[in-house]
Amino acid sequence: MGETTVTTKEGRDMAAPHSVAGQADPADAQDEVNGRAGNAFLRRLRAPRRPRLWFEILLIAVSYWTYSLIRNAVPEQKAEALRNADWIWKTEHTLGIAFEESVNHAINKVTWLIVGMNYYYATLHFVVTLGVLVWLYRSHPGRYAATRLTLFATTVVALVGYYLYPLAPPRLMNGGDFIDTVMVHHTWGSMASGDLKHMSNQYAAMPSMHIGWSTWAGLTIFALATVPWVRVLGLLYPVATLLVIVATANHFWLDAVGGLMCLSFGFLVARLWYGKLPYHLPKLVPVRGQGGPLLPVKP
């Protein structure tokens, strides 16, 4: 006769926990699935992709309209803005960098130069920034979104500065001897002078977005351009802009420092979101929905 196998109660009791432990908890499994889906979604958001032309045009137009609306809606706190201008001016004297008035008067004596600077102040701020965005869109689509994010984050934090720290430009200081070069030479180099002054907040001088935007454009050109003299122009552009904003009495030196601080914040936001600085991302990206060749974007 064969042997009889007997399963004792103790055996059943000992086997039961082993069986239960071997089964996955449905709730934990679902959490893991959700976590993977969330991570995949974030990876898709952060991944460089080819920008859509219609979306970028709409985004830039709406963003600039919103920026202008908010900037001009900030209360024109004249008394506080003038007190802050006096403090900035005294601080620069203490630091030994209060040269704005001398630069303003010296360059104003050269009519063709100061008139050119007035128009520079009025136009290149927009023309060069948009030009760099178009160049990125066409030639560096993989870096476009991250570089644009840097610009947008820079501009957003500048709005906070306008609200928290109203500041009069040098040409509007009480008791100052600055020359409003736009008024004197009858040009339209500033939205805050002449007939256009009612369209713009005159006391939103800190930080200087002329410096923030021009440095963003200059660094982008220097980092990504391949022609040596173009790269040099990229570095010279924010330097020239600094001279212009001071010569036209629209900003103090320290306004430029504020603009650079905002730009640093913009780069930090892009670095945290994409894990790299914009210029270190891949230049080209595949066509949407395809794993095909990496090609530059075409509108």
Side-chain angles (χ1 to χ4, degrees), residues 64 68 71-72 76 78 81-82 84-86 88-93 95-132 158 167-218 221 229-230 232-260:
Y64 184 74
S68 299
R71 180 180 185 272
N72 297 334
E76 290 195 3
K78 181 177 179 179
L82 291 172
N84 289 338
D86 289 338
I88 289 283
W89 191 228
K90 290 176 182 177
T91 300
E92 290 193 350
H93 273 90
L95 296 174
I97 59 172
F99 304 129
E100 291 94 334
E101 190 174 292
S102 298
V103 174
N104 173 238
H105 282 256
I107 296 184
N108 185 66
K109 294 177 182 179
V110 185
T111 302
W112 65 268
L113 181 58
I114 194 61
V115 168
M117 286 187 172
N118 285 342
Y119 288 124
Y120 179 117
Y121 185 88
T123 58
L124 292 193
H125 182 47
F126 307 104
V127 173
V128 174
T129 303
L130 288 175
V132 171
L167 179 67
R171 57 188 173 72
L172 293 181
M173 284 181 60
N174 287 329
D177 193 30
F178 287 92
I179 300 170
D180 188 333
T181 60
V182 171
M183 295 292 291
V184 169
H185 298 282
H186 307 289
T187 55
W188 42 273
S190 171
M191 287 289 288
S193 295
D195 296 334
L196 297 177
K197 64 183 179 182
H198 301 296
M199 298 174 59
S200 180
N201 184 354
Q202 298 186 80
Y203 303 109
M206 171 67 86
S208 168
M209 277 299 91
H210 273 75
I211 291 300
W213 288 12
S214 65
T215 305
W216 170 87
I221 292 170
W229 66 266
V230 174
V232 172
L233 285 180
L235 292 180
L236 291 178
Y237 174 50
V239 176
T241 301
L242 177 60
L243 179 60
V244 166
I245 65 173
V246 170
T248 57
N250 280 295
H251 288 283
F252 296 99
W253 299 118
L254 290 182
D255 298 346
V257 175
L260 293 178

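These numbers were taken from a predicted model, which means no experiment stands behind them. The first residue in the sequence is number 1, and the count goes up from there.
Qualifying side chain to side chain contact (heavy atoms under 4.5 Å, CB included) partners for Val232, counting only residues two or more places apart in sequence or in other chains: Leu236. Considering only residues two or more places apart in sequence or on other chains, Thr248 meets the side-chain hydrogen bond (donor to acceptor under 3.5 Å, both in side chains) condition with Asn250. Contacts of Asn174 classified as side chain to side chain contact (heavy atoms under 4.5 Å, CB included), with partners at least two apart in sequence or in another chain: Leu82. Leu260 is linked by a side chain to side chain contact (heavy atoms under 4.5 Å, CB included) to Ile211, Thr215, counting only residues two or more places apart in sequence or in another chain. Contacts of Asn104 classified as side-chain hydrogen bond (donor to acceptor under 3.5 Å, both in side chains), with partners at least two apart in sequence or in another chain: none. Annotation: side chain to side chain contact (heavy atoms under 4.5 Å, CB included) contacts of Ala98 (sequence neighbours excluded): Trp89, Glu92, His93, Glu100. In this view, Ser214 satisfies the side-chain hydrogen bond (donor to acceptor under 3.5 Å, both in side chains) rule with no residue, not counting sequence neighbours. In this structure, the side-chain hydrogen bond (donor to acceptor under 3.5 Å, both in side chains) partners of Tyr120, at least two apart in sequence or on a different chain, are Thr241.
In this structure, Gly258 and Pro207 approach most closely via the heavy-atom pair C-CB, 3.3 Å. The two residues Ile221 and Val230 have their closest heavy-atom pair at CG2-O, 3.4 Å. In terms of heavy atoms, Tyr237 sits closest to Gly218 at CD2-N, 4.4 Å.
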Please tabulate, one pair per line, all N/O donor-acceptor pairs under 3.5 Å involving side-chain atoms of residues 124-132, not counting sequence neighbours.
from: Thr129; atom 1: OG1; to: His125; atom 2: O; distance (Å): 2.8

Atom pairs and distances, donor-acceptor, side-chain atoms in residues 107-117, under 3.5 Å, two or more places apart:
from: Asn108; atom 1: OD1; to: His185; atom 2: NE2; distance (Å): 2.8

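With hydrogens and angles disregarded, a donor-acceptor distance shorter than 3.5 Å links the side chain of His251 to the backbone of Ala205.
In this structure, CD on Glu101 lies 15.0 Å from CZ on Arg171, to the nearest 0.5 angstrom.
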